[in-house]
Amino acid sequence: MIDRPETLLTPGPVPVSPEVLLAQGSPMLYHRGPVFSELLADVADGIRMLLKTSAPVVIHSCSGTGGMESAVANSFSPGDKVLVVSIGNFGERFAKICRAYGLDVEVLEYPWGEEARAEDVGRKLSEIPQCKGVLVTHSETSTGVVNDIESIASVVRETEALLIVDTVSGAGACPFEMDAWGVDVAVTGSQKAMAASPGAAFLAVSERALQAHERARLPRFYFDWTQALEAYNRPNHECPWTPATSVLMGVRVALQKIREEGVDRMVARHALLGKATRAGLQAMGLEIFASSPERANVVTCVRASEGVDSSKIVSHVRKRFGLVIAGGQGKLKGKVFRIGHLGWVDRFDILRALAAVETAFVDLGLPVKEGTGVQAALEVFQAADREHGGDPPA
Ligand code: PMP
């Protein structure tokens, strides 16, 4: 094999375009001055475009989990009742953060691989008087399942609870309409569909969430929205503390590329890549883990063969082909592997991944229908070519 950098087909971090990498390598900027101020304004506008909102945007220099923590710390007071809807590892993380902050947490928990149902959320909410917030994952990266946030929002909107959505891996890959659906806080990150480096988290915050923030008494300092928005609203937009300037230089270019592609087309690209990945794996005789994978635009979670430790498949694909796929997380460790189709990724990355997985199965003596996966995925792409008159999204 030729010596080239590993290719990430993980659900974050993701491959990043050379333009973004070059921007990150530009000379250092001072974070209190006109050039960085313009960059911050551009980034905030780009996040609004991505999340389909006109809400103010808070920018933190941290990974997505910091963004989740910021949402909790800024929205509630000690002892507040909240409902966490959990369908996997990142739902569990939301519950852990809420407990760490001393909230009174109810969890509506589903078996991993299933999606949440709006009617269950509605029923649960009717059992929790004075519920102050519902926290839910959009794209559950540990299982590939994508929740129907629009329907969940419609039931939460009938109550006084804030709706806080972790769309760290969902935004830009799955449909998401913050304002039209009535989401109060949307959290996303730089290292997923946006296709920039890890290190920045973004929160769009509705008017209702800002009012709740005024009353919220949980302790906070670094992530305080009041400080963040006060600094942003100065004539020269600023962050209160020294931000990850190089990461944000890359984010600005990544968002510019999204503007050129168009958010809807970007979502359609991820949908097509997900569809082709599933078709290829199923043709190879493999089983997709999620119960209803049609919306799985971010990552495809695949069951390993019975009795096989999935990490062997992951490490074989990496060692032999320099292609990085992900293993299982939490209770799925060793049971599944995950192929990310997220970020700066196109159809040829998927065809490579399918060819690599098939070869790994053959090398490891595992059952697989040879010669079928790449073909099935190609057929999905060719059908898209016909449907889109030669201008498909991926
Ligand atoms: N939520 C989801 C759904 C995620 O996929 C991730 C990243 N894997 C996160 C939150 C945040 O994780 P991190 O702090 O590693 O960016």
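Order of appearance sets the numbers: ligands from 1, and atoms from 1 within every ligand.
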- Item | From L332, V336, I87, residue fulfilling side-chain contact (heavy atoms from CB on, under 4.5 Å) relative to W112 | L332
- Query: Among N147, I164, T167, whose side-chain contact (heavy atoms from CB on, under 4.5 Å) with V136 holds?
  - Reply: N147
Among protein heavy atoms, which sits nearest to [atom], and what does the distance come to when rounded to 0.1 Å?
atom                   : result
atom 9 (C) of ligand 1 : F90 CE2, 3.5 Å
atom 8 (N) of ligand 1 : K192 NZ, 2.7 Å
atom 1 (N) of ligand 1 : D166 OD2, 2.6 Å

Which of the atoms in ligand 1, numbered in the order shown and given with their element, are less than 4.0 Å from a heavy-atom of [X]?
X    : value
T65  : 11 (C), 12 (O), 13 (P), 14 (O)
G64  : 11 (C), 13 (P), 14 (O), 16 (O)
S169 : 3 (C), 5 (O)
T141 : 2 (C), 3 (C), 4 (C), 5 (O)
R93  : 11 (C), 12 (O)
S139 : 3 (C)

Shortest non-hydrogen contact from [X] toward [Y]:
X    : Y    : result
L51  : A171 : CD2-CB, 3.8 Å
A290 : T143 : CB-O, 4.0 Å
C174 : V298 : SG-CG2, 3.7 Å
L323 : R352 : CD1-NE, 3.9 Å

- Item | Over 12 non-hydrogen atoms of neighbours within 6.0 angstrom of NZ in K333 | no
- Message: For the 3.5 Å polar cut-off, considering only N or O atoms, please tell me whether T137 and ligand 1 meet it.
- Response: no
At a non-hydrogen distance cut-off of under 4.0 Å, which region of [X] contacts ligand 1 (side chain, backbone, both, or neither)?
X    : value
Q191 : side chain
V168 : side chain
H138 : neither

- Residue pair V14, V345: steps toward the side chain to side chain contact (heavy atoms under 4.5 Å, CB included) verdict: CA-CA 8 Å; V14 299; V345 173; 5.5 Å; no
- Within-shell test, M68 vs ligand 1, heavy atom, strictly < 4.0 Å: yes
- Query: Is any NZ, NE, NH1 or NH2 atom of the basic residue among D45 and R259 found under 4.0 Å from an Asp or Glu carboxylate oxygen of the other?
  - Reply: no
